[in-house]
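Sequence lines set the chain letters: A, B, ... in the order given, protein chains first and strands last, and positions in each chain run from 1.
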Protein chains: 2
Amino acid sequence: MAKRADILERFGKRVRELRSDAGYSQEGFAAHAGLDRTYQGGVERGQRNIALRNVEKIAKGLKISVAELFDGV
Amino acid sequence: MAKRADILERFGKRVRELRSDAGYSQEGFAAHAGLDRTYQGGVERGQRNIALRNVEKIAKGLKISVAELFDGV
DNA sequence: TTGTGACTTTTAGTCCGTC
DNA sequence: GGACGGACTAAAAGTCACA
């Protein structure tokens, strides 16, 4: 599958920025958002083709909209 | 799993609007975006928890950014 | 032109761990 | 605090025939 991971990488990078700006560790944020800690790490590394429901969990965990989460992605 | 399908439904509705505003049928758009006709239909009906790579296909098919696609969702 | 159920294959997503 | 691996289960991807 995996052609170029760009959208996943850009998304992961964006999540990492927002998550760390919010003062969370990966593990802390994952617990907060209701995700697995290894999954969160994989998303931030651009290795996970995350589905919409989990995108929403991240947006909610960051207290922003999904559109904002994709801003610049 | 499935709590309320809202994000999927709202996303599907948004896709349907944009797709039909762009003058495409489901079938025509699906072919254009590289998806199956019935898959596209399922997305628009909020029945598919679509992952990021396919979200991107739809955004590209509509010639907008993913952030724009989620605008108002 | 779209909805829908059913189906197989692939991958998302969880959970254990180590470095 | 984060990267990464293995093994597993749940669910997404993708396709079909029929309404």
Short side-chain N/O contact from B:Asn54 to OP1 or OP2 of D:dA13, under 4.0 Å: yes
Which nucleotide, if any, forms a Watson-Crick or G-U wobble pair with D:dG1, using both distances under 3.5 Å? none
Which whole-number value in Å describes the distance from A:Lys57 NZ to D:dA11 P? 11 Å
Rounded to whole Å, please give me the gap between CD in A:Glu27 and P in C:dG17. 13 Å
Judged by each residue's nearest nucleotide on DNA chain D, which is more toward the 5′ side, A:Asn49 or A:Thr38? A:Thr38
Just checking A:Leu35: base, sugar-phosphate only, or nothing, at a heavy-atom cut-off of under 4.0 Å? nothing
Does B:Arg48 make a side-chain donor-acceptor contact with the base of C:dG3, cut-off 3.5 Å? no
Would you say B:Arg16 reaches C:dG3's phosphate, i.e. side-chain N/O to OP1/OP2 under 4.0 Å? yes
Quick check: do B:Val55 and B:Phe11 have side-chain heavy atoms less than 4.5 Å from each other? yes
Starting at CD of B:Glu17 and ending at P of C:dT2, how long is that distance when rounded to a whole Å? 15 Å
Just the rounded figure in Å: distance from C1' of D:dA12 to CG of B:Leu52. 13 Å
Reckon B:Tyr39 has a side-chain N or O less than 4.0 Å from the OP1 or OP2 of D:dA13? yes
Whole Å only: how far is the NZ atom of B:Lys13 from the C1' atom of C:dG3? 18 Å
Of B:Arg16, B:Arg14, B:Arg37, which meets salt bridge (Lys or Arg N to Asp or Glu O under 4.0 Å) against B:Glu44? B:Arg16
Rounded interatomic separation in angstrom, taking CD1 from A:Ile58 and C1' from C:dA12: 13 Å
N/O (side chain, A:Gln47) to phosphate O (OP1/OP2, D:dA3) under 4.0 Å: no
Phosphate contact (D:dG14 OP1 or OP2) by B:Gln40 side-chain N/O below 4.0 Å: no
Taking C-beta and beyond as the side chain, do B:Ile58 and B:Ile50 meet within less than 4.5 Å on heavy atoms? yes
Could you tell me how far apart B:Arg37 (CZ) and D:dA17 (P) are, to the nearest whole angstrom? 11 Å
Give the rounded distance in Å between these two atoms: CD of B:Glu56 and C1' of D:dA12. 17 Å
N/O (side chain, A:Arg19) to phosphate O (OP1/OP2, D:dG2) under 4.0 Å: yes
By nearest-nucleotide position on DNA chain C, the 5'-leaning member of A:Asp36 and B:Gln26 is B:Gln26
Between C:dC15, D:dA13, D:dA3, which nucleotide gets closest to the side-chain atoms of B:Ala51? D:dA13
Are any non-hydrogen side-chain atoms of B:Val73 and A:Val66 less than 4.5 angstrom apart? no
May I ask you to decide if the ring planes of A:Phe29 and A:Tyr24 are parallel, tilted or perpendicular, using 30° and 60° as cut-offs? perpendicular
B:Asp6 vs A:Glu56 side-chain heavy atoms within contact, under 4.5 Å: yes
Choosing from D:dC4, D:dA13, C:dT2, which nucleotide comes nearest the side chain of A:Arg45? D:dC4
